Amino acid sequence: MRPDPSQKIDPKAIPAWRISSGLSSLFWWILPFIYGFIALGGGAPNWGIWVISGLVVLYTALQASIIQTIRWKRWRYQIDEHEIYLKFGIFIIRRILIPVNRIQHVDTRQGPILRSFGLSSVTITTAATTHEIPALSDEVADEVRNRISNLAREADQDV
Amino acid sequence: MFEPRRQHPVASITEVLKSIRELLIPIIIVFIFGGGGSGNSFFFSPIFLSIFISYLLVSSILSWWRYTFYIDGDELRVEYGIIVRQKSFIPKHRIQVINISSGIIQRMFGLVSLNVQTAGGSTPGVTISALTREDAEELKSILSTETETTEGATVINEEDEEPLYALSWKNLIIAGSTSASFGIALSIIGTIFSQMQVLVDEDAVLDYAETFFKTDVNFIIALIFTLIFFAWLLSIVGNILAYANFTILKKKKEIVIKRGLLEKRTSSIPYSRIQAVRIQEGLLRQPFGFATIYVDSASFGEESGKSTVLFPLIKKKDAWEFIRTMVPEYDQQVESVRPPKRALRRYIIRSLIPIIILIVALYYLIPYGILSIALIPVGVYLGYLRFKAAKIGVNDDTVIVRYRVLAKTTAIVRKYRIQAFTGWDNWFQRRKKLKSLSISVASSNTGADFLAKDFEENYILNLIDWGSPQFSKPKKQHQQSDEIEPDITDWLDAGI
């Protein structure tokens with residue numbers, strides 16, 4: 001059986017993800033407000049608002065802390081001349097194998113949060129799917145992108 | 001062909017129709033909601049209407065005038081656009097499918113439309129909407145891969161070739177009456193029906209409903225049956241329109257499909273573009289031993305998100321013979337496994353979850369909704385059917401996956417066509433040492449995934465290994481749960 005992919009992603013991913021996931025989890029803070037409106041109208045008991053607020057705050061707290069550490073620990077990737085192999089996930093663990101000769105193009109991307117940590121993510125696109133290696137340091141990301149793109153160019157170019 | 005040229009002027013008529021079709025939803029909205037109050041007259045005023053109609057006419061004539069196409073070397077070049085000039089250059093080797101079709105308008109003038117589909121990029125191919133059949137055939141023979149070998153020396157005369165398979169009228173009717181579009185038609189009629197009630201005066205509806213519920217249960221039942229009957233007729237008619245005169249013929253490098261009653265369509269599918277072959281046994285077709293054969297080809301186009309029907313209705317026992325004849329590359333023998341017994345519970349739970357959500361929703365939303373609890377055994381049975389259908393097997397360079405959503409699908413995929421393998425497990429699966437696998441192939445613009453859920457952990461890991469281009473056959477793990485089925489015809493076995 002194939003061993004787990006050998007490379008880990010950049011440890012700076014943890015603080016970067018804590019910020020980005022923490023921020024996006026704030027979206028769910030809308031739930032207590034919606035519940036509040038319903039409760040005001042007498043449609044639901046008042047104590048529910050404390051339960052929902054508690055859950056939402058807990059969710060943000062987890063997203064801004066331990067979850068990102070686990071996520072980083074689980075993330076592995078490996079690139080060799082025939083295929084790209086990824087393994088990641090917290091509750092659902094995925095293993096993805098992408099034959100190099102199926103790759104259509106490779107991008108590196110960087111949002112404001114990743115940029116402030118000097119990180120980029122690499123996006124790999126095939127004719128059917130898109131995959132991402134998140135949070136590599138800029139240099140590694142460029143290297144990975146060039147490497148995949150060279151490997152893919154050598155391979156046969158048909159769909 | 002090598003000089004820039006325009007389409008037949010009839011193209012401007014099809015352009016008008018296309019604009020109207022694109023504006024159909026706004027037009028309907030204006031028509032329905034514009035009626036609110038007295039201020040609706042603006043949209044129906046002669047000034048607005050004449051501006052609107054002349055805009056349609058002028059823009060279609062201009063767009064016809066601006067649309068030119070020609071062949072330059074190995075490329076089809078199309079230039080179009082009124083305000084923004086656009087140029088599409090389509091290299092021959094990027095072309096996936098060439099369709100020649102003729103709608104009612106084209107046929108009135110003895111013309112056809114030619115549609116060229118490509119893979120990759122974001123452009124959905126080009127359609128030359130009116131040209132003579134000779135020009136279309138010439139373009140097609142220049143652009144299709146077929147000519148690479150014949151090098152223009154032989155003129156292919158399609159009339160001389162006997163179709164290998166043709167759909168009989170009897171099977172066409174059967175296809176229509178067992179089609180899944182039956183369900184869609186039913187929901188459309190249902191929606192129209194419910195909308196009609198809204199349009200009618202509300203008091204009248206209430207009165208109507210009162211008498212309706214009090215007096216006659218038989219009437220309701222009769223009404224429901226009439227609805228179903230009309231939906232059924234609609235789906236038969238739809239199938240006849242789409243698949244009448246269906247014939248398929250085989251050429252050296254491509255398959256040619258002709259079909260259609262009012263709108264005649266000819267599609268060529270080059271063998272080199274086929275990504276996967278699927279045999280689908282619909283819920284209504286399976287009991288009668290019928291299946292539909294699809295091919296997935298990497299093309300962008302009007303039927304995006306749908307795979308091409310290779311044959312609409314075929315006896316299950318003839319399906320492999322059909323594949324052997326038409327797409328011999330997909331006639332493969334594999335050794336297969338089924339999910340282990342301990343996966344059955346997960347299959348049942350997965351089928352039950354949406355049903356339980358539905359029951360809860362019905363319970364809150366409609367009176368006597370709780371009666372929908374009777375759906376639970378249906379869910380359990382569906383889970384069992386899905387479990388029985390699940391099967392996957394490989395040989396050196398082919399994988400066959402069978403799974404059921406509602407219809408049972410057997411997908412045959414060549415290894416070199418697979419875009420990605422995704423194996424996954426969640427916490428519950430890890431406890432039971434089960435894994436799922438998804439095999440992605442290019443199909444239309446989104447791609448298609450073939451799923452094998454809750455199989456033996458080791459087998460899935462071996463399959464991922466097999467997916468690597470440097471490996472061939474995965475080591476067979478002989479376990480109690482494995483059922484080895486070397487005979488390929490078993491894939492379409494008579495069982496559930």
Side-chain angles (χ1 to χ4, degrees), chain A residues 1-6 38 43-44 67 70-71 73-107 122-133 148-149 151-159, chain B residues 93-96 118-121 270 272-276 296-300 413 415-430 435-450 457-471 474-475 477:
Chain A
M1 200 199 303
R2 164 188 298 272
D4 276 352
S6 56
I38 296 172
I67 287 185
I70 302 174
R71 195 166 149 206
K73 276 188 183 151
R74 289 272 170 83
W75 240 108
R76 301 262 177 159
Y77 71 97
Q78 184 173 344
I79 298 157
D80 61 39
E81 59 178 307
H82 296 292
E83 72 250 341
I84 292 170
Y85 191 39
L86 313 174
K87 187 185 172 207
F88 59 93
I90 299 164
F91 182 70
I92 297 172
I93 297 179
R94 285 173 208 277
R95 287 156 221 264
I96 301 184
L97 185 108
I98 312 152
V100 158
N101 54 8
R102 303 287 83 192
I103 294 170
Q104 302 252 327
H105 64 262
V106 203
D107 305 326
V122 177
T123 309
I124 301 154
T125 310
T126 71
T129 54
T130 304
H131 312 275
E132 190 185 46
I133 307 176
I148 296 175
S149 142
L151 288 170
R153 206 175 306 142
E154 281 162 27
D156 185 25
Q157 281 297 315
D158 194 6
V159 180
Chain B
H93 67 272
R94 276 280 150 224
I95 293 175
Q96 302 278 343
T118 59
S272 60
R273 301 297 187 214
I274 294 178
Q275 307 287 321
D296 288 289
S297 66
S299 62
F300 290 68
V413 188
K415 183 173 159 182
Y416 69 97
R417 293 296 189 193
I418 295 173
Q419 306 283 340
F421 289 79
T422 306
W424 77 91
D425 48 39
N426 61 33
W427 187 71
F428 299 109
Q429 284 173 301
R430 283 197 285 282
K435 274 190 197 307
S436 302
L437 180 75
S438 151
I439 293 169
S440 310
V441 300
S443 170
S444 303
N445 36 18
T446 49
D449 293 320
F450 302 122
E457 185 174 48
N458 287 331
Y459 190 76
I460 295 295
L461 287 173
N462 283 334
L463 271 176
I464 296 177
D465 272 355
W466 171 83
S468 162
Q470 51 194 322
F471 287 89
K475 268 197 278 355
Q477 303 259 319

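Here the structure is a predicted model, which is why all the values come from computation and not from measurement. Chain letters run A, B, ... following the sequence lines, proteins first, then strands; residues in each count from 1.
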Q. Quick one: CH2 on B:Trp424 to CD1 on A:Ile96, what's the gap to the nearest 0.5 Å?
A. 10.0 Å
Q. If every non-hydrogen atom of A:Arg102 is compared with every non-hydrogen atom of B:Tyr416, which pair is closest and at what distance?
A. NH1-O, 3.0 Å
Q. So, for B:Ala442 and A:Ala127, which heavy atoms are closest and what is the spacing to 0.1 Å?
A. CB-CB, 3.5 Å
Q. Quick one: what part of A:Leu86 sits under 4.5 Å from any heavy atom of chain B, side chain, backbone, both or neither?
A. neither
Q) Which bit of A:His105 is near chain B, if near means a heavy-atom gap under 4.5 Å: side chain, backbone, both or neither? A) neither
Q) Who passes side-chain hydrogen bond (donor to acceptor under 3.5 Å, both in side chains) against B:Ser438, sequence neighbours left out? A) none
Q: Kindly compute the distance separating CD1 (B:Ile439) from CG (A:Leu97), expressed to the nearest 0.5 Å.
A: 11.0 Å
Q) For B:Leu437, is it the side chain, the backbone, both or neither that has a heavy atom under 4.5 Å from a heavy atom of chain A? A) neither
Q.
As an exercise, state the distance from OG of B:Ser468 to CD of A:Glu83, rounded to the nearest 0.5 Å.
A. 3.0 Å
Q) Could you state the interatomic distance from CG (B:Leu461) to CZ (A:Arg95), rounded to the nearest 0.5 Å? A) 5.0 Å
Q: To the nearest 0.5 angstrom, please state how far the CD atom of A:Gln104 sits from the CD atom of B:Gln419.
A: 6.5 Å
Q: For residues A:Ile90 and B:Arg430, report the shortest heavy-atom separation together with the two atoms involved.
A: O-NH2, 3.7 Å
Q) Excluding sequence neighbours, so at least two apart, what forms side-chain hydrogen bond (donor to acceptor under 3.5 Å, both in side chains) with B:Asn426? A) none
